[in-house]
Every structure is written in C-alpha cells, then in structure tokens.
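Convention: sequence-line order gives letters A, B, ...; per-chain numbering from 1.
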Amino acid sequence: MVRVTLPDGSKLEIANGTTAKQLAEKIGPGLARAAIAAKINGQLADLSTPITADATIQIITLTEAEGLEILRHSCAHIMAEAVCSIWPAAKLVYGPTVEDGFYYDIDLDEPISPSDFERIEKKMYEIAKADKPFIRKERSRSEALTKLASDRYKTDNINRTDSDVISFYSHGDGFEDLCRGPHLPSTGKVVAFKIMSVAGAYWHGDPTQKMLQRVYGTAWPTKKELDAYLQRLEEAKKRDHRVLGKQLDLFSFNEAGPGFAFIHPKGMIVWNAIVEFWRGVHNKYGYEEIKTPIILNEQLWHKSGHWDNYKENMYFTRFDDTAYAIKPMNCPGGCLVYKTRQHSYREFPMRVAELGLVHRHEASGVMHGLFRVRQFTQDDAHIFCTPEQIKPEIIGVIELAFEIYRAFGFEDFHIELSTKPAKHIGSDEIWDISTSALKDALKHKEIEHKINEGDGAFYGPKIDFHIRDCLKRSWQLGTIQLDFSMPQRFELVYTDKDNTEKTPVMIHRAILGSFERFIGILIEHYGGNLPLWLSPEQVVVLPISEKSNDYAKIVEKKLRDAQLRVGCDLSDEKIDAKIAKAHSRKPPYMLVVGPKESQSGTVNVRIRGDKKTKTVEVDKFIAMANRKIAEKKVGLTLED
RNA sequence: GCUGCUGUAGCUCAGUCGGUAGAGCGCGUCCUUGGUAAGGACGAGGUCAUGGGUUCAAAUCCCAUCAGCAGCUCCA
C-alpha cells in the first residue's frame, strides 16, 4: 500500500501500482471522466502511470491550464500523424504548444498550403474519432539513438535532452513520435481544433539552417470554446491599427515608399495632440528642445561608430562629390550641438530633447503597419551629466515615462534591462559601471525587471519600457541607454569644479519610442475609440432635417469657437443614416439637433458606445467637454 | 533577408473550362425633409500590381520584378 495526498490535503491509501486513472475513479466517477493526466509530486504524468510510492497527486482535467496544454500537445501529435499520412515524405522536427494552440515544424519539400488544411483536419477528425489510446514506451538513450539513427532531427532532439530514458508515444496505426509527454489517455478527448496557418521557420531559429514548414493549430476542450476563440480573433482583427487607420482615414502607405507612413489630416490631429502634451510634460521636467539635420556627412557616422555597427540599416546619399548618410539616430547631431560652446558642470544635468526624424532600412519582411517602419520620429533626448548625476537622472526619466504612459491610459507596463552585446564599443569596465548604474536606479524605484543578457545597444546597456495593450500583447515603447563612448568619440567636455576638463556622461532616452508606433499602439489599445482629447473629430452635429440646418450651423460655430474639433452633417439623409455614417468615424459625441433643441438652445447628446441620449444646454456641453479634454479623461459620461 | 500565400473600382470582395469585367459600400446629380445605426432613382468610376512569355484569344496559364499578409530571422 502507498499513501497519496490529494490537493485538498486529504490522504488516501491505495495499492502499490495503482494507476493515476484508477485513483481518479476511486475519488469519483465525474473526476475519472474529466481526468486527462496527473501531477505526481509536481511532475506531470500520463493517467496510465502506476503509483509506486507515497506521493502528492493532483488529477489534471481540461479546466487546468496544464490540462489544456496537454490537450494541445496531443493535438499536435494527431496533426503530425495526419500530415505524415498525407505526405509520407514529411519528417517531423519539433511540435510544442504555444499560447492558444500549438505548432509542428515539418521538413517537407512540397509546400503545404492553406488549401490543404481541410484535408489535414479531416484526417485529424478521423484519428480523433477512432479514440485510440496514447501509449508511452520508454527506451534507453542508446536504443533510441539506434532506432532513430536515420532521422537527423529526432537524433538532434535526443542529443539535446540529458535524460537517460527516452520516451516515445504512439496512438495506434504505427504512428510513433519521440516525446517527453505526457499525453491525453486517448485521441478521442480531442474534439475541437483548427489548423490556423503555415509559415516558414528556420531549424533552431538559425537562418543558415534549412527552412522548415511550421503548421500552426489551435485546440480547445469544446467546440464552443473553439468558436469563442475564433470570434476573439475576429474582434482583434477589427482592432488592427492597419485596418482602423484606413477606416478612420488616419494614415496610409504607398508602394512609392515601403515602410514610410503617410499621415493624413486626421492622423496629424492625433499626432499634434500628443506632441503638445509631450512638450508640456518635458518642459515641466526641465528639458529644452533642439532639431538637427536629417542628412549629415558620412564622416560623422564613422566617428560615432554607426558606420562599423549600424551600416547595414543606414541610407546613404551622395552629392557634390561628398558622401552623406541619412540619420538612423539623433545622437551624433546632438553631440555637434553640444560642441558649439563650452560647458560647465554648473549647467548639468543638461536635458536636450529632439523630436528627430530617423530612417532605418529594416529588412523587407519585418515591416508591420506603423509598428515597424523605415522612417519614424523618435521622441529622443540626450542628457549630459556627471557620473554622480546618473542615478537621479535615470530615476527622473523613469518618473517622466510613467507620468506620460498613465496619461494615455496605459497602466500595465514592464521594464527590461539589456546588457552588453557581442558587437559593442567601449571597455568592459565602462560597461560594468553603466550597467550597475541602471540596476541601481531600478532598485531605488523598486521596479521589478527582466534581464536580457547581451541585448544592449552597441554603445551601452539599456532599460526598455514595454506596455501591454488590451489584447495583452507587449510592445516596446521607451528606452534609456547609458553611453560613455559617444562623448569620448566626439571629444565632448565640460569644466568641472576643479577647473579641469572632463568627459560628460550621455544618457539617450525615448519615452514613446516612435510617434508612428505609439499612434499605432493607441489605435489598437482603444480599438479606434480614442479618448476625447486625442479624437480627430470630437463632436459631430447632426440636424434632424434641412429645417434644422441653420441651428446646427450655429451650434457647430459655438463648438468651434470653444476650440472643439467639430463636424456637421448637412446632407439630405435621414437622421438614422447620419448617425450610422458618423458612427463609423467613431466620434466621442454626436449632437442631434431638431426643432425641439433649436427652441430651447440645447443639443441631444449621443455618447459613443451608448444608445441612450441626453439633452443638455449647448454651453453646458461645451464646458463639460473642455473640462474632460483638459483633464485627459478617458470616460465620456456626461456628469453635471 | 528567408519560406508560403495574396495583388481586380476610393474601400471590401466576386469573377466557372482562357473568349476584352461585376456586386455592395463610398462618390456625383435628382427625388425625398424623415427624431436616434443606412429611403429611392439615375450616373461616373478599371492599362485586372508591373514587365515578359505561351495562345487565334490571358484578370485567368508560365516566368521575373515590385508591394502586401502570416511566420521565421533580425531590429528596438
């Protein structure tokens, strides 16, 4: 007999060798039906695993995250069998679970296309319906290597594990795959899945290796959950900033300039609203602003180190027999401004901001709407200071960043620290000093952070700010980068207290990162429903009929005089059509006006996302709207 | 950059077996003046991404280029 402890703390005596499945049956028939795996002493295992010693055991069902993962992993195996049965030449490489699904990397020369998904799924349903048991078979390492000697991928997988026992899983019909497991008891538990996409993926993520075909799928405990997931994807698609940017007429792209965004009038309203706010906050934090040229002599970029470290991403041009580069970063320009006169320690810290337009030639396959472009405006700044000022300055930047993020409604952000990369300039000592300065500042603010070893910029370590949008996707925004090298390369100096010339420390930092990307993130975060202060069209006046057009024009003028961004629909459509048309532009407020309103000097307010309307005096509405704008309120509810 | 897919009206998309192109929305004109999510009629709008090739004939088949999409690798 062995003693098992269940999650609720209760203990049970069972015969030695009882399987987890039998244990589940003992606990209850409901649990036995729902059981798909077990966690024995914290280790996931198949339901068929015999219990041979005292243990803490949890029966895993599909309601647990681990259960869902097992389901998806088993589904990946079923897909693998289906693919192998359709293309016998297919060689399986690696098939893990990912968030919301799974994929399997397959080496097959014939391309798998979306039109093949249906027959793969059909085959998968056959396998699932047959309800074949997943059977684990263990072999010794040498036995396994012998068995799979002809399979370079599986041999590689075995060589990458350190376990002496190598397990295989089969589910009948001779299909067997090397796998750590655990798996579902049988294929019949898989009822709701879908092949989502296929894309290339390098073996081991190494571009010098063969490109494999990665088939993505998703699997859920029930059809209903699968449908809900697909529905969620549809909703997410509607929030895509590339779709909304077109629909709301904010920006566009053109073949004439791949990766270069065209910002439309409405997009510029959002842009300028952000800039205005940004300037205000930076002024408060003691920044001054400069603007430096976009095109600068190539020699400058040799001096800065960009030529050696960033050339592949730079645009170059040539005229009057002179080579020029189009700036990918603002720092060299900033250094030249610094050098135009002498500086004293008394001026420090000098916080010099620049909304700098930079060009970076990104690889063609990485462009993605406004999120990844080849030309963008950085909200850059360079802080020149003494070594003692590093820590307080970094703390200041962190506070500034948080203040700005919160104003845009982002509360969920996290920070990552990146250290010295293989390709770098500057001595190890300098890197150590600057890395610990960043760590100290984070420690002081008690900010949790992830560390990315070797991920820093070539000139110094950095802190990155990442935010999550409402779909929980993470995007990098700001960055703080310490730089001891650039000031030396540019021979920047200041006169210290002791009347000697010293090299200042330079801190590069951006808060929003790129205006283009940030606007894209805002659009997705709000699903196009921008807060009042950012909305291109804040209010739209809709007369009931032509008879109320004059009153509508009066209201429109009043709102415009009060600095509100207002539109007015004087077309000969019915009010329903006017509302529907305005709706697609997502204005925060629609003001319906007819004879009633014109008599009482009121407007009937229809708030975005709310069908209930409320009649208020025009002046009251204006005061309310302007108050919300001033306070950057996200909510639109009319309060008195 | 790599792999796969896609490119037809301003937008979203149809277009069968190769026989010179269609819808809805939008746009214009007219009718309609309607109280909270799309009233009606008529009309304009296309070098079917670009360049080659096959064919009596190409939006359709083939090749190349460009761009976009998904992912990988990058980048931050």
Out of A/Arg374, A/Gln375, A/His368, A/Arg372, which residue meets the side chain to side chain donor-acceptor pair (under 3.5 Å) rule with A/Glu362? A/Arg372

Please list, chain by chain and in numerical order, all residues satisfying side-chain contact (heavy atoms from CB on, under 4.5 Å) with A/Ser113, sequence neighbours excluded. A/Ser115, A/Asp116

With rounding to the closest Å, how many angstrom separate the [atom1] atoms on [N] and [M]?
{"N": "B/C17", "M": "B/G43", "atom1": "P", "answer": "33 Å"}
{"N": "B/U16", "M": "B/A58", "atom1": "C1'", "answer": "16 Å"}
{"N": "B/A64", "M": "B/C27", "atom1": "C1'", "answer": "37 Å"}
{"N": "B/G39", "M": "B/U33", "atom1": "P", "answer": "14 Å"}
{"N": "B/C62", "M": "B/G18", "atom1": "C1'", "answer": "13 Å"}
{"N": "B/U8", "M": "B/G51", "atom1": "P", "answer": "16 Å"}
{"N": "B/G15", "M": "B/G19", "atom1": "P", "answer": "14 Å"}
{"N": "B/A44", "M": "B/U29", "atom1": "P", "answer": "15 Å"}

Sugar-phosphate only, base, or nothing, as touched by [X] at under 4.0 Å among non-hydrogen atoms:
{"X": "A/Asp576", "value": "sugar-phosphate"}
{"X": "A/Arg517", "value": "nothing"}
{"X": "A/Glu573", "value": "base"}
{"X": "A/Ile544", "value": "base"}
{"X": "A/Glu597", "value": "base"}

Nucleotides 9-16 of chain B: which of its N/O atoms have a protein N/O under 3.5 Å away?
| residue | atom | partner | partner atom | Å |
| --- | --- | --- | --- | --- |
| B/U12 | OP1 | A/Lys246 | NZ | 3.1 |

Tell me: [atom1] of [X] to [atom2] of [N], nearest whole Å?
{"X": "A/Leu212", "N": "B/C2", "atom1": "CG", "atom2": "C1'", "result": "12 Å"}
{"X": "A/Gln247", "N": "B/C25", "atom1": "CD", "atom2": "P", "result": "17 Å"}
{"X": "A/Arg372", "N": "B/G1", "atom1": "CZ", "atom2": "C1'", "result": "12 Å"}
{"X": "A/Asp249", "N": "B/G26", "atom1": "CG", "atom2": "C1'", "result": "12 Å"}
{"X": "A/Lys210", "N": "B/G4", "atom1": "NZ", "atom2": "P", "result": "11 Å"}
{"X": "A/Lys611", "N": "B/G35", "atom1": "NZ", "atom2": "P", "result": "18 Å"}
{"X": "A/Leu542", "N": "B/G34", "atom1": "CG", "atom2": "P", "result": "16 Å"}
{"X": "A/Asp116", "N": "B/U3", "atom1": "CG", "atom2": "C1'", "result": "15 Å"}

Counting heavy atoms from C-beta on, name the nucleotide in [options] closest to the side chain of [X].
{"X": "A/Ala363", "options": "B/U36, B/G1, B/U33", "result": "B/G1"}
{"X": "A/Pro595", "options": "B/C5, B/G35, B/U33", "result": "B/G35"}
{"X": "A/Pro111", "options": "B/U33, B/G4, B/C75", "result": "B/G4"}
{"X": "A/Lys581", "options": "B/G34, B/G35, B/C27", "result": "B/C27"}

Any idea how [X] and [Y] line up, ring-wise: parallel (<30°), tilted (30 to 60°), or perpendicular (>60°)?
{"X": "A/Tyr526", "Y": "A/Phe410", "value": "tilted"}
{"X": "A/Tyr459", "Y": "A/His306", "value": "tilted"}
{"X": "A/Trp431", "Y": "A/His424", "value": "perpendicular"}
{"X": "A/Phe402", "Y": "A/Phe413", "value": "tilted"}

Contact state string [nucleotides 59-72 of chain B, B base, S sugar-phosphate only, - no protein heavy atom under 4.0 Å]: -------SSSSBBB

Selection residues 535-548 of chain A - residue pairs positive for salt bridge (Lys or Arg N to Asp or Glu O under 4.0 Å), sequence neighbours left out: A/Glu537-A/Arg585

Which range-with-range stems can be found for RNA chain B when each stem has 3 or more Watson-Crick or G-U pairs in a row and both distances sit under 3.5 Å? B:1-7 with B:66-72, B:10-13 with B:22-25, B:27-31 with B:39-43, B:49-53 with B:61-65

Using only heavy-atom distances, decide whether a donor-acceptor pair under 3.5 angstrom links the side-chain of [X] to the base of [N].
{"X": "A/Asn313", "N": "B/C75", "answer": "no"}
{"X": "A/Arg360", "N": "B/C74", "answer": "no"}
{"X": "A/Glu312", "N": "B/G1", "answer": "no"}

For side-chain contact (heavy atoms from CB on, under 4.5 Å), just list the numbers for A/Gln378 and A/Leu357, CA-CA rounded to whole Å, side-chain angles, deciding distance to a tenth of an Å, and then say yes or no. CA-CA 6 Å; A/Gln378 275 187 315; A/Leu357 181 63; over 6 Å; no

Kindly indicate whether a cation-pi arrangement holds for A/Arg72 with A/Phe102, taking the cut-offs as under 6.0 Å to the six-membered ring centre and within 45° of the axis. no

Select from A/Asp572 and A/Ile112 the residue whose nearest nucleotide in RNA chain B is closer to the 5' end of that strand. A/Ile112

Do the side-chain N or O atoms of A/Lys547 get closer than 4.0 angstrom to the phosphate oxygens (OP1, OP2) of B/G34? yes

Rounded to the nearest 0.5 Å, what separates atom CG in A/Leu591 from atom OG1 in A/Thr613? 11.0 Å

Taking the side chain as every heavy atom from C-beta outward, state whether A/Val618 and A/Phe621 have any pair of such atoms under 4.5 Å apart. no

Any side-chain heavy atom of A/Tyr589 within less than 4.5 Å of one from A/Val540? no

State which residues pass side-chain hydrogen bond (donor to acceptor under 3.5 Å, both in side chains) with A/Tyr153; sequence neighbours excluded, sorted by chain then number. A/Asp107

Under 6.0 Å between the ring centres of A/Trp220 and A/Phe193? no

